[in-house]
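This report concerns only the one structure given below.
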Amino acid sequence: MGPKVAKNRTSPKTVMLADGISKHFRQIPALSEVDLEILEGELVGLVGPDGAGKTTLMRILAGLMKPDQGEARVMGQDPMGKKSSVRTAMGYMPQAYSLYGDLSVDENLSFFSRMFGIPKEEYSKRRKRLLEITRLAEFTGRRASELSGGMYKKLALACSLLHRPRVLLLDEPTNGVDPVSRKELWELLREFVSDGMAVLISTAYMDEAARCSKVNLMHHGKIISRGRPAELLKKFSHKAFVVLGATRRRLEAILESTQGIVTL
């Protein structure tokens, strides 16, 4: 028998691209020539402290903000283009509260399904599945404003997934969420990625960065390092410590003002 011939495998496609993106607010740089590429089936992390530029980059990629320089492409299109079909292929979960607090879990899902134009029969199937995987089936009558932090984030995630996007942008989805809900949310993300979805997630937690396929470390509007989590750890020459406390911003201020300490 002759040698086995390897089957051709299609390379993952680029679904999201940032090319030299810069953005200023009142002449203060928020982003400086940022490059980023995300392939289908990848879970990519943006990691950095508050003010690093993560949210600004997310908003530009989501088509909610125009860059001063450079360009963004999602599925090969300008996300801000008038004729762009990107919106139907993208799910976006902002850091700020985005649901209607006076509406119940079920009412929020129904509202967003109508926004996406999902047929009733198809919506019924998707609603059942999303309520199962987010474990919100027992709370469909509860108002969004009465949900715990973790349950609220899972409802926001379910609403952003109703139209089955190919690209998902999550801006610090676990901020203020209890450890159990954080674990469950990451399990959901891995399920979505295994189905081919591309996910871009921003976080300030280094333990979450370790769960990403690739990581981009951001600081003062720039990506200062990137690669797989294990690769980044090998590059890091300093001793690393985890500092815990009740007020993260106060801890960051103290650490940043202390000589000899590099904060991430």
Side-chain angles (χ1 to χ4, degrees), residues 43-46 54-55 58-59 61-64 74 79 85-205 207-208 211-212 248:
L43 175 55
V44 177
L46 290 177
K54 304 187 301 294
T55 295
M58 284 263 189
R59 288 177 63 82
L61 290 170
L64 301 175
V74 179
S85 60
V86 167
R87 299 295 173 89
T88 59
M90 180 194 300
Y92 175 53
M93 180 175 160
Q95 187 176 355
Y97 279 33
S98 57
L99 303 177
Y100 292 92
D102 58 338
L103 297 184
S104 68
V105 169
D106 233 352
E107 289 169 338
N108 268 285
L109 287 170
S110 178
F111 172 80
F112 282 98
S113 75
R114 293 196 300 272
M115 279 189 63
F116 292 125
I118 302 171
K120 288 185 178 180
E121 290 186 6
E122 187 62 28
Y123 165 65
S124 180
K125 296 176 184 177
R126 297 184 191 182
R127 170 191 172 276
K128 182 179 179 181
R129 173 61 178 152
L130 288 169
L131 288 174
E132 286 176 354
I133 64 177
T134 56
R135 299 184 183 181
L136 291 174
E138 298 179 15
F139 308 97
T140 53
R142 185 175 298 185
R143 289 185 179 184
S145 61
E146 298 172 350
L147 297 173
S148 66
M151 291 169 68
Y152 184 98
K153 291 293 179 74
K154 285 191 284 188
L155 175 57
L157 180 61
C159 289
S160 67
L161 290 169
L162 270 172
H163 61 302
R164 293 184 176 173
R166 293 180 60 188
V167 185
L168 183 63
L169 288 81
L170 304 173
D171 193 1
E172 298 202 13
T174 59
N175 191 17
V177 174
D178 63 274
V180 175
S181 294
R182 282 178 63 190
K183 181 176 179 293
E184 290 178 347
L185 189 141
W186 276 94
E187 289 174 352
L188 291 178
L189 293 183
R190 287 183 177 175
E191 182 179 335
F192 303 147
V193 170
S194 66
D195 289 337
M197 183 185 291
V199 178
L200 177 63
I201 182 171
S202 68
T203 179
Y205 300 117
D207 63 316
E208 291 188 345
R211 305 184 188 198
C212 297
R248 194 179 76 191

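Computed from a predicted model, the values in this text were never measured in an experiment. Just the heavy atoms: all of them, side chains too, but no hydrogens, waters or symmetry mates, feed the values below.
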Spacing of [atom1] belonging to [X] relative to [atom2] belonging to [Y], to within rounding of 0.5 Å:
X: Leu162; Y: Phe116; atom1: CG; atom2: CZ; answer: 6.5 Å
X: Ile118; Y: Phe112; atom1: CD1; atom2: CZ; answer: 11.0 Å
X: Leu43; Y: Phe192; atom1: CG; atom2: CZ; answer: 11.5 Å
X: Leu46; Y: Leu61; atom1: CG; atom2: CG; answer: 8.0 Å
X: Asp171; Y: Lys54; atom1: CG; atom2: NZ; answer: 7.5 Å
X: Leu169; Y: Thr55; atom1: CG; atom2: OG1; answer: 11.0 Å

Tell me if a side-chain donor or acceptor on [X] pairs with a main-chain N or O of [Y] at a distance below 3.5 Å.
X: Lys153; Y: Asn175; answer: yes
X: Ser194; Y: Glu191; answer: yes
X: Asn108; Y: Tyr100; answer: yes
X: Ser202; Y: Glu172; answer: yes
X: Tyr152; Y: Leu99; answer: yes

| field | Exercise: do Ser110 and Arg114 side chains pair donor with acceptor under 3.5 Å | value | yes
Heavy-atom check, side chain of [X] versus side chain of [Y], under 4.5 Å:
X: Met197; Y: Leu161; result: yes
X: Leu157; Y: Leu168; result: yes
X: Phe139; Y: Thr134; result: no

For this session: Output yes when Arg135 and Glu187 qualify as a salt bridge under the 4.0 Å nitrogen-oxygen rule, no when they do not.
Result: no
Give the intermediate values and the outcome of side chain to side chain contact (heavy atoms under 4.5 Å, CB included) for residues Tyr92 and Leu64. CA-CA 10 Å; Tyr92 175 53; Leu64 301 175; 3.4 Å; yes
Residues Leu200 and Met58: closest non-hydrogen pair is O-CE, 3.4 Å
Does atom [atom1] ([X]) have a neighbourhood of more than 12 heavy atoms from anything else shown, all under 6.0 Å?
X: Arg182; atom1: CZ; answer: yes
X: Arg143; atom1: CZ; answer: no
X: Glu138; atom1: CD; answer: no

